[in-house]
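Presented below is the structure to which this report refers.
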Amino acid sequence: MLRTVKPRNARSKRALEAREAKEVEDVRTAVFVKGTHTGEVVNGVMKELMALKRPNAISFSKKNTIRPFEDASSLEFWANKNDASMFLIGQSTKKRPAGLVITRTFDSKVLDMCELGIDKFVSMAEFKTPKSTPGHKPMMHFASELFDTHTRFIQLKSLLTDLFNGEVIESICLPGLEHMISVTLSPAPSLQTANPILGESQDEDLQNLPKVHIRTYTVKLLPSGTRVPRVELTEMGPFIDLSLRRHQDADPEMWKAAMKRPKLKKQDLEKGLGKKRKNMEVDEMGDLRGRVHIAKQDLSMLQTRKMKGLKSVPEDEEEDSEDSEQESDLRRKKRKQD
């Protein structure tokens, strides 16, 4: 248990308030930690990932004796000291060579972890192409339905999104979209999805799970003759092939506290972003859409173009006109007889 620190002056009070939970969280800071034994591949992967994460990345130069799945006290101490919520731990052993552990924390406590094995690595230096500007927010692309159905890949998607996701922005400037990180899966036999209602689990053999391929591209916008530019992707690197290993799920109570959202203000409720209003919804793009119901209309009272031939005549006038027509017919017959 970490002791609670009381501020002694205004400066330390402001520093503690900056670390408190906010409605809109700051950019996650990631700490890159090297284990006791790291090889050339692990060092290269951590260096490339740190280049994509900059400037919100901290690297520990010294090697540390750390086993995150057995004892996480060191991670909790570093999280509280550096105000960091993500850890990337690189370590290579005889049993688990070229290993990379992604750890996420909440309130300076370990929330969940996922261990990955590095199968293949291609560095940025091998691609003689332009690189993106450090600090720009990347676009994320997950190309598989398993990222929405399988629990292991749902966790991996969440971890990678939190790792590379930058600050929250209200609008997007197209020239600012400089690079994209694409995450795909290799072909694999059909995997059964878990049914939480029946209490089924997904503890399958790790060898049957498909490998994860991370590819990074630079984005180039070219004129297309329309308002929408033509997009070209150029290989930038790094290219990393990963395989799933051990993992640790989040504690249900801690996960519930981490996913808790603050109450929205009245103006947000009026915009339809709070409680669900009748016939109003917000789509995936964040646009507010509404449905309007109109009562049945009486089309007989509809104002149309006035025409003499279609003009309606009252019943009394119709009877008078019929009588006048009969009288005129009788007069014509009499004239003929005379």
Side-chain angles (χ1 to χ4, degrees), residues 24-30 44-57 86 88 100 102 116 118-150 153-188 210-244 273 281-289:
V24 180
E25 291 290 344
D26 299 331
V27 184
R28 290 178 176 270
T29 302
V45 169
M46 295 186 68
K47 182 180 178 181
E48 302 287 332
L49 293 179
M50 189 172 62
L52 295 176
K53 183 61 180 175
R54 282 176 181 166
N56 304 297
M86 298 291 295
L88 272 80
L100 183 68
I102 304 177
L116 304 169
I118 304 171
D119 298 329
K120 186 180 178 181
F121 169 64
V122 182
S123 175
M124 288 186 187
E126 299 187 21
F127 297 93
K128 308 300 180 181
T129 54
K131 312 301 179 186
S132 62
T133 306
H136 278 226
K137 188 173 182 177
M139 293 183 287
M140 300 293 296
H141 174 243
F142 295 91
S144 177
E145 61 180 7
L146 292 178
F147 287 114
D148 298 323
T149 57
H150 200 278
F153 295 104
I154 291 174
Q155 182 192 34
L156 179 62
K157 177 183 177 180
S158 178
L159 289 171
L160 292 177
T161 303
D162 284 351
L163 176 63
F164 294 110
N165 191 19
E167 60 182 352
V168 179
I169 56 177
E170 297 181 357
S171 58
I172 298 175
C173 179
L174 289 181
L177 302 176
E178 293 191 2
H179 65 294
M180 182 189 74
I181 300 175
S182 176
V183 185
T184 59
L185 300 179
S186 61
K211 293 185 178 181
V212 182
H213 307 284
I214 298 178
R215 303 290 184 262
T216 310
Y217 305 92
T218 54
V219 179
K220 191 175 183 180
L221 303 178
L222 301 175
S224 62
T226 61
R227 294 184 60 183
V228 181
R230 183 167 60 89
V231 180
E232 283 190 359
L233 300 179
T234 307
E235 295 177 347
M236 182 185 79
F239 282 11
I240 308 173
D241 293 346
L242 304 171
S243 57
L244 295 179
L273 300 177
E281 61 181 4
V282 180
D283 59 7
E284 296 179 355
M285 301 301 295
D287 298 328
L288 181 64
R289 296 184 176 274

Can you list the residues that meet the ring-ring contact (aromatic ring centres under 6.0 Å, His included) rule with F164, with sequence neighbours excluded?
none

Applying side-chain contact (heavy atoms from CB on, under 4.5 Å), can you list everything that pairs with P134, at least two apart in sequence or on another chain?
none

With S123, which residues qualify under side-chain hydrogen bond (donor to acceptor under 3.5 Å, both in side chains), at least two apart?
E48

Using the side-chain hydrogen bond (donor to acceptor under 3.5 Å, both in side chains) criterion, which residues pair with S182? Sequence neighbours excluded.
H141

Dump the intermediate steps for side-chain contact (heavy atoms from CB on, under 4.5 Å) on L242 and D119, then the final yes or no.
CA-CA 6 Å; L242 304 171; D119 298 329; 5.9 Å; no

Suppose the criterion is salt bridge (Lys or Arg N to Asp or Glu O under 4.0 Å): which pairs have a residue in residues 128-142, not counting sequence neighbours?
none

Can you classify the ring geometry of F153 versus F147 as parallel (below 30°), tilted (30 to 60°) or perpendicular (above 60°)?
perpendicular

Tell me, with the steps shown, if L146 and L185 meet side-chain contact (heavy atoms from CB on, under 4.5 Å).
CA-CA 9 Å; L146 292 178; L185 300 179; 3.8 Å; yes

So H150 and L156, side-chain contact (heavy atoms from CB on, under 4.5 Å) or not? Walk me through it.
CA-CA 10 Å; H150 200 278; L156 179 62; over 6 Å; no

Keeping to residues at least two apart or across chains, list the salt bridge (Lys or Arg N to Asp or Glu O under 4.0 Å) pairs with something in residues 155-165.
R28-D162, R104-D162, D148-K157

Can you sort out the partners of M139 under side-chain contact (heavy atoms from CB on, under 4.5 Å), two or more places apart, ordered by chain and number?
L177, M180, V219

Around atom CD1 of I172, are there more than 12 heavy atoms from other residues, nucleotides or ligands closer than 6.0 Å?
no

What residues form a ring-ring contact (aromatic ring centres under 6.0 Å, His included) with F121, not counting sequence neighbours?
none

Any salt bridge (Lys or Arg N to Asp or Glu O under 4.0 Å) involving residues 223-237? Give me the pairs, sequence neighbours left out, ordered by first then second residue.
R230-E232

What verdict does the side-chain contact (heavy atoms from CB on, under 4.5 Å) test give for D241 and R215, after you've listed the backbone C-alpha separation in whole Å, the side-chain angles of each residue and the deciding distance to 0.1 Å?
CA-CA 9 Å; D241 293 346; R215 303 290 184 262; 3.0 Å; yes

